[in-house]
Amino acid sequence: MSKRLLRALAGEAVWPPPLWLMRQAGRYLPEYRAVRARAADFVALCTTPDLAVEVTLQPLRRFDLDAAILFSDILILPWALGQGLRFAEGEGPVLPPLRDMAALRALDLHRLEPALAPVLETVARVRAEVGDATLIGFAGAPFTVACYMIEGRGEKEFPAARTLAWTDPDLFGRLMTLLTEATIRSLSLQIAAGAEAVMLFDSWAGLLPPSQFRAHVIAPAARIVAALRRRHPAVPVIGFPRMAGLMLGEYAAATRVQGLGIDTAGSLEAASALVPSEMALQGNLDPLALAAGGAALAEETAAILEAMQGRPFVFNLGHGIVPSTPPAHVAELVRLVRAA
Ligand code: CP3
């Protein structure tokens, strides 16, 4: 196994560290915007292999990155289960809010595999072209996906979803169970199609109090990791419980992910002290320092590299690239990390 990212996820302190960026394919690249303009809408972009393969590979043509991440979205899972989904221009995702048992019963696990067929074709075709880079598959973690499904749109605090978890724990629990099973299937299918590592994005994990963090973030992630490890023991899982703060150690111990994503606000030094020494950390440059460039980019990057030298580490951002990022700043970041 010689791929640098896979070595780091196996617990090796590869140096300079492997590097990829969340949302490395996206609107900050003019070539992405050109392909996006050819697709009828964002869901069509994700489910048309010719287009999705192209945008997945675009950042690797420009930059010397260690990974390609499948171009898709965490909300393709509810779409594949039968919940309507559209991305409104300038507004983000819109779904019919799931608030009762009838809406839950309308979701169908049997639709998942046929609906994901074009995404799996994208995985297979990208895998054939990535060379020395590693192909990462992904899913949203059940809590974060449930937030969008219940709320029906993006929100800062997801009040309807978090309220439902308290007021109708039966409905919320059934949705979480369904999503956990669907996530295991989706990630297993991506691995079977050629994904070499998978990442679980729990972008809104940090909204929960500890009791619910254990029930709705840690427990489903532990089940997903255990199921994947039984079926695909060699394929590492990266967990990203964003804004987990003081719950990070419990998440690491209970899930046993091979890689742990640290968000922009997390201290890498503190995280390092909380998790097993062979667990790779991944993160956590401020996406706005990348957009700013110059001294901000150089100094923040140097501090991260110094803090992580000698332990298994994957250089990344603390959240996704913002659309205003000049591509030249990404090239500069790659140069800085490669020179470590
Ligand atoms: O390059 C990559 O990282 C791979 C593809 C990818 C996308 N979304 C493409 C995308 C991945 C891994 C995601 C994950 C995702 N999607 C998350 C988890 C990570 C995070 O950012 O917290 C979440 C919460 C979503 C849901 C989502 N998708 C929202 C809220 C939005 C609208 C906001 C926005 O940035 O426009 C999206 C749309 C989306 N997903 C875009 C891209 C490139 C932009 C859509 C466009 O081109 O118009």
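Whatever order the structure lists ligands and atoms in, that order sets their numbers, starting from 1. Numbers for residues simply follow the sequence, beginning at 1.
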**Q** What protein heavy atom sits nearest atom 11 (C) of ligand 1, and how far away is it?
**A**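 Looking at atom 11 (C) of ligand 1, the protein heavy atom closest to it is Phe138 CZ, 3.7 Å.
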**Q** Does ligand 1 have any atom that is closer than 4.0 Å to a heavy atom of Leu70?
**A**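 Right, Leu70 reaches ligand 1.
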**Q** Pick whichever of Gly26, Ser72, Pro59 has a heavy atom sitting closest to atom 9 (C) of ligand 1.
**A**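 Selected option, by shortest heavy-atom distance: Ser72.
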**Q** Please give me the minimum heavy-atom distance between Thr56 and Pro59, naming the atom from each residue.
**A**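 So the minimum-distance heavy-atom pair works out to O-CD, 3.5 Å.
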**Q** Note the single closest protein heavy atom to atom 14 (C) of ligand 1, along with its residue, its atom name and the distance in Å.
**A**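 Residue, atom and distance for the closest contact: Ile74 CG2, 3.8 Å.
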**Q** Heavy atoms only: which of Phe87, Tyr28, Tyr32 is nearest to atom 38 (C) of ligand 1?
**A**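 Residue with the shortest heavy-atom distance to the ligand atom: Phe87.
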**Q** Please verify the inter-ring angle class for Phe158 with Trp204; under 30° counts as parallel, over 60° as perpendicular, anything in between as tilted.
**A**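 Aromatic pair Phe158/Trp204 classed tilted.
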**Q** Return the residue, atom name and 0.1 Å-rounded distance of the protein heavy atom closest to atom 22 (O) of ligand 1.
**A**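 The closest heavy atom on the protein side is Ser203 OG, 2.5 Å.
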**Q** Tell me the protein heavy atom at minimum distance from atom 40 (N) of ligand 1, and give that distance in Å.
**A**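 I find the closest protein heavy atom is Asp73 OD1, 2.7 Å.
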**Q** May I ask you to identify the nearest protein heavy atom to atom 36 (O) of ligand 1, giving residue, atom name and distance to one decimal place in Å?
**A**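 Answer, as residue, atom name and distance: Arg27 NH2, 2.8 Å.
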**Q** Below the 3.5 angstrom mark, is there an N/O of Ala25, backbone or side chain, next to an N/O of ligand 1?
**A**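 Yes.
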**Q** Measure from atom 29 (C) of ligand 1 to every heavy atom in Pro287, Gly154, Pro93, Gly92 and give the option owning the shortest one.
**A**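 Result: the heavy atom closest to atom 29 (C) of ligand 1 is in Pro93.
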**Q** Check this for me: Met279, atom CE, are more than 12 non-hydrogen atoms of other residues, nucleotides or ligands nearer than 6.0 Å?
**A**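 Result for CE/Met279: enclosed.
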**Q** Heavy atom of Tyr148 under 4.0 Å from ligand 1?
**A**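 Per 4.0 Å heavy-atom rule, Tyr148 contacts ligand 1.
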**Q** Under 3.5 Å, N or O to N or O, is Trp204 touching ligand 1 that way?
**A**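 Checking ligand 1 against Trp204, no N or O pair falls under 3.5 Å apart.
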**Q** Are any of the N or O atoms of Arg36 closer than 3.5 Å to those of ligand 1?
**A**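 Looking only at distances, the answer is yes, because the N/O contact criterion of under 3.5 Å is met.
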**Q** Where does Met199 meet ligand 1, judged by heavy-atom distances below 4.0 Å: at the side chain, the backbone, both, or neither?
**A**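 Looking at Met199 and ligand 1, no heavy atom falls under 4.0 Å.
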**Q** Taking the six-membered ring for Trp and the single ring otherwise, decide whether the centroids of Tyr32 and Phe71 are under 6.0 Å apart.
**A**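 Centroid distance Tyr32-Phe71: below 6.0 Å, so yes.
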**Q** If you measure from each non-hydrogen atom of Leu45 to ligand 1, which part falls under 4.0 Å: side chain, backbone, both or neither?
**A**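 Looking at Leu45 and ligand 1, no heavy atom falls under 4.0 Å.
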**Q** Between Arg242 and ligand 1, does any nitrogen or oxygen pair lie at a separation below 3.5 Å?
**A**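 No: no nitrogen or oxygen of Arg242 is under 3.5 Å from one in ligand 1.
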**Q** Please check if a non-hydrogen protein atom sits closer than 4.0 Å to atom 33 (C) of ligand 1.
**A**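 Not a single protein heavy atom is under 4.0 Å away.
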